[in-house]
Amino acid sequence: MGTNNCRLLIARPHDRGFRVLDGFTRIVRLGEGVSVTGRLGDAAMERTMEALRQCRNKLRDHQPTRMRLIATEACRAAENGPAFLSRVKSEIGLDLEIVDRRTEAELAVTGCADLIDGEASGALMFDIGGGSSELAWLDFRGGRPRSQGRMSASIRSWQSLPVGVVSIAERFGGVDVTPQVFENMVRYVSEHLRQFRGREKLRQMIGTHPVHLIGTSGTVTTLAGLHLGLERYERQKVDGLWMKRQDVDETMRVLLDMPFERRVAHPCIGKDRADLVLPGCAIFEAIRREWPTERVRVADRGLREGILISLMDADRTTKRFSRYPKGAGNGQ
């Protein structure tokens with residue numbers, strides 16, 4: 001349950017990964033107005049309740065053996081976030097936990113881990129959300145975890161920016177975005193990036209070792225769809241796509257020149273994202289300017305996949321230990 005989206009993924013372990021059985025995604029804008037009022041609005045909560053009822057119905061249909069239900073920045077930041085989740089539990093029966101920012105960053109890394117180039121010495125993963133954006137610098141110079149579920153052990157530094165597509169749009173506007181307004185957005189995000197621990201060391205590493213960006217968010221997948229010229233969004237073509245620096249430059253230019261009405265009509269953007277895509281691009285652009293790399297890998301995956309992989313890892317560990325009853329071995 002994010003600031004902008006409500007998402008669900010139900011899967012079954014398969015080989016070393018998983019097979020998706022069912023899913024759900026809906027833009028609910030739960031965090032609408034939170035950056036101004038500090039509270040979740042009534043209309044936003046009602047939209048979210050309706051989406052969560054559909055999630056509950058899917059969970060009832062599939063009866064998963066394990067599940068983890070999380071809420072992120074909107075519920076962290078809003079004064080009435082915990083009260084809203086209490087209402088969700090009493091009326092719908094879903095018990096959501098508000099995760100801290102570090103957990104959110106680690107789950108995003110876990111979800112995207114298998115898209116990191118096997119030859120890279122490091123990567124900077126970023127997840128542009130509705131109310132916050134997470135960054136994680138992964139450094140493999142001392143070795144790389146063998147398991148996708150352990151990839152977060154390679155995080156050398158991380159940061160959660162208190163900026164996301166909804167909060168930037170509320171601060172600067174997202175409908176009529178002039179080049180000057182866009183630059184103002186980028187500068188605002190850049191101020192926050194100066195707090196990143198190891199900022200200069202990461203820049204030095206990029207200059208001497210193979211390092212790439214990996215982005216998981218609607219912003220990056222939208223840019224990928226535009227770059228590919230898709231007539232409708234196709235996840236299988238977008239997830240895992242490599243974009244070069246000039247590809248991103250050109251696609252952002254096209255997007256900045258695109259009037260709001262055309263953004264609404266574009267099949268890879270649509271009315272729900274038309275006012276959020278340029279604020280998202282400004283966050284992405286600030287990251288690119290701070291740590292310029294030649295390539296970015298696009299991930300249409302993230303927290304949900306990270307949760308699933310973590311649950312399956314925990315399941316495998318439990319089963320492995322349960323094979324050895326207490327007292328077995330060590331001569332006992």
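What you are looking at is a predicted structure, and each value in this text was computed from that prediction instead of being measured.
Asp139 contributes a side-chain N or O that, together with a main-chain N or O of Arg141, makes up a donor-acceptor pair within less than 3.5 Å. No donor-acceptor distance shorter than 3.5 angstrom exists from the side chain of Arg12 to the backbone of Arg19, with no hydrogens or angles considered. In this structure, the side chain of Asp300 does not engage the main chain of Asp239 through any donor-acceptor pair within 3.5 Å. Using a distance-only test at 3.5 Å, with no hydrogens or angles considered, no donor-acceptor pair links the side chain of His192 to the main chain of Val163. For His62 (side chain) and Pro64 (main-chain N/O), no donor-acceptor pair under 3.5 Å exists by modelled atom type. A distance-only check finds a donor-acceptor pair linking the side chain of Ser157 to the backbone of Arg197 [under 3.5 Å]. A distance-only check finds a donor-acceptor pair linking the side chain of Arg47 to the backbone of Val28 [under 3.5 Å]. Proximity of a side-chain donor or acceptor of Asn80 to a complementary backbone N or O of Leu40 within less than 3.5 Å is detected. Using a distance-only test at 3.5 Å, with no hydrogens or angles considered, no donor-acceptor pair links the side chain of Glu32 to the main chain of Gly41. Remark: side-chain polar atoms of Arg68 are not paired, donor with acceptor, to backbone N or O of Ile307 under 3.5 angstrom.
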(request) Begin from the C-alpha positions of Arg102 and Glu106 and carry the test salt bridge (Lys or Arg N to Asp or Glu O under 4.0 Å) through to its verdict. (result) CA-CA 6 Å; Arg102 179 171 186 116; Glu106 289 175 345; 2.8 Å; yes
(message) Quick one, Arg245 with Glu285, criterion salt bridge (Lys or Arg N to Asp or Glu O under 4.0 Å). Give me CA distance, side-chain angles, the key distance, then yes/no.
(response) CA-CA 11 Å; Arg245 189 192 300 184; Glu285 181 62 19; over 6 Å; no
(request) Show the numbers, then the answer: is there a salt bridge (Lys or Arg N to Asp or Glu O under 4.0 Å) between Arg301 and Asp114? (result) CA-CA 11 Å; Arg301 58 181 78 187; Asp114 63 345; 2.7 Å; yes
(request) Apply side-chain hydrogen bond (donor to acceptor under 3.5 Å, both in side chains) to Ser132 and Glu134, showing your working. (result) CA-CA 7 Å; Ser132 68; Glu134 277 62 48; 3.1 Å; yes
(request) Applying side-chain hydrogen bond (donor to acceptor under 3.5 Å, both in side chains), run through Asp100 and Thr103 and close with a yes or a no. (result) CA-CA 5 Å; Asp100 61 35; Thr103 300; 2.7 Å; yes
(request) Using the side-chain hydrogen bond (donor to acceptor under 3.5 Å, both in side chains) rule, take Glu73 and Thr3 through it: C-alpha gap first, then chi angles, then the decisive distance, then the call. (result) CA-CA 6 Å; Glu73 184 63 19; Thr3 301; over 6 Å; no
(message) Between Arg29 and Asp275, is the salt bridge (Lys or Arg N to Asp or Glu O under 4.0 Å) condition met? List the steps.
(response) CA-CA 12 Å; Arg29 298 203 182 198; Asp275 62 333; 2.7 Å; yes
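The distance from atom NE2 of His227 to atom OG1 of Thr221, rounded to the nearest 0.5 Å, is 14.0 Å. Note that CD1 of Ile98 is 8.5 Å distant from CZ of Arg76, once rounded to the nearest 0.5 Å. A distance of 4.5 Å separates CG of Leu8 from SG of Cys55, quoted to the nearest 0.5 Å. The CG atom of Asn4 lies 11.0 Å from the OG atom of Ser217; values are rounded to the nearest 0.5 Å. Note that the CE atom of Met252 and the CZ atom of Arg288 stand 5.0 Å from one another [nearest 0.5 Å]. Rounded to the nearest 0.5 angstrom, Glu290 CD and Ser190 OG are separated by 6.5 Å.
Two residues are said to be in side-chain contact when any heavy atoms from C-beta on lie closer than 4.5 Å; Thr219 and Pro279 fail this criterion. Residues Ile287 and Leu193 meet the side-chain proximity criterion, which asks for heavy atoms closer than 4.5 Å. With a 4.5 Å cut-off on side-chain heavy atoms, Asn184 and Tyr188 do not count as touching.
Ring geometry for Trp137 against Phe196 counts as tilted: the plane angle lies between 30° and 60°, on a 0 to 90° scale.
In this structure, Arg235 fails the cation-pi test against Tyr233, since its NZ or CZ atom is not both closer than 6.0 Å to the six-membered ring centre and inside 45 degrees of the ring normal. Both tests pass for Arg144 against the ring of Phe140: distance under 6.0 Å to the centre and angle within 45° of the axis.
Under the 4.5 Å side-chain heavy-atom criterion for Ile, Leu, Val, Met, Phe, Trp and Tyr, Met205 and Leu135 are members of the same hydrophobic cluster. Connection of Val298 to Phe126 is established within a shared hydrophobic cluster, with ILVMFWY side chains joined at heavy-atom distances below 4.5 Å, either directly or through further cluster members. Each of Leu213 and Met125 belongs to its own hydrophobic cluster when Ile, Leu, Val, Met, Phe, Trp and Tyr are linked at side-chain heavy-atom distances under 4.5 angstrom. Linking ILVMFWY side-chain heavy atoms closer than 4.5 Å, directly or via other members, places Leu94 and Leu303 in two distinct hydrophobic clusters. Using a 4.5 Å cut-off between side-chain heavy atoms of Ile, Leu, Val, Met, Phe, Trp and Tyr, with links allowed through other members, Met312 and Leu107 fall into different hydrophobic clusters.
Ion pairing between a basic and an acidic side chain is recognised when a charged N comes within 4.0 Å of a carboxylate O; Glu231 and Lys237 show no such pairing. Salt-bridge check for Arg150 with Asp313: passed, with a basic side-chain N closer than 4.0 Å to an acidic carboxylate O.
With side-chain heavy atoms closer than 4.5 Å counting as contact, directly or through intermediates, the hydrophobic cluster containing Val175 also holds Phe260, Val264.
Surrounding CD of Gln246 are more than 12 heavy atoms belonging to other residues, nucleotides or ligands, all under 6.0 Å away.
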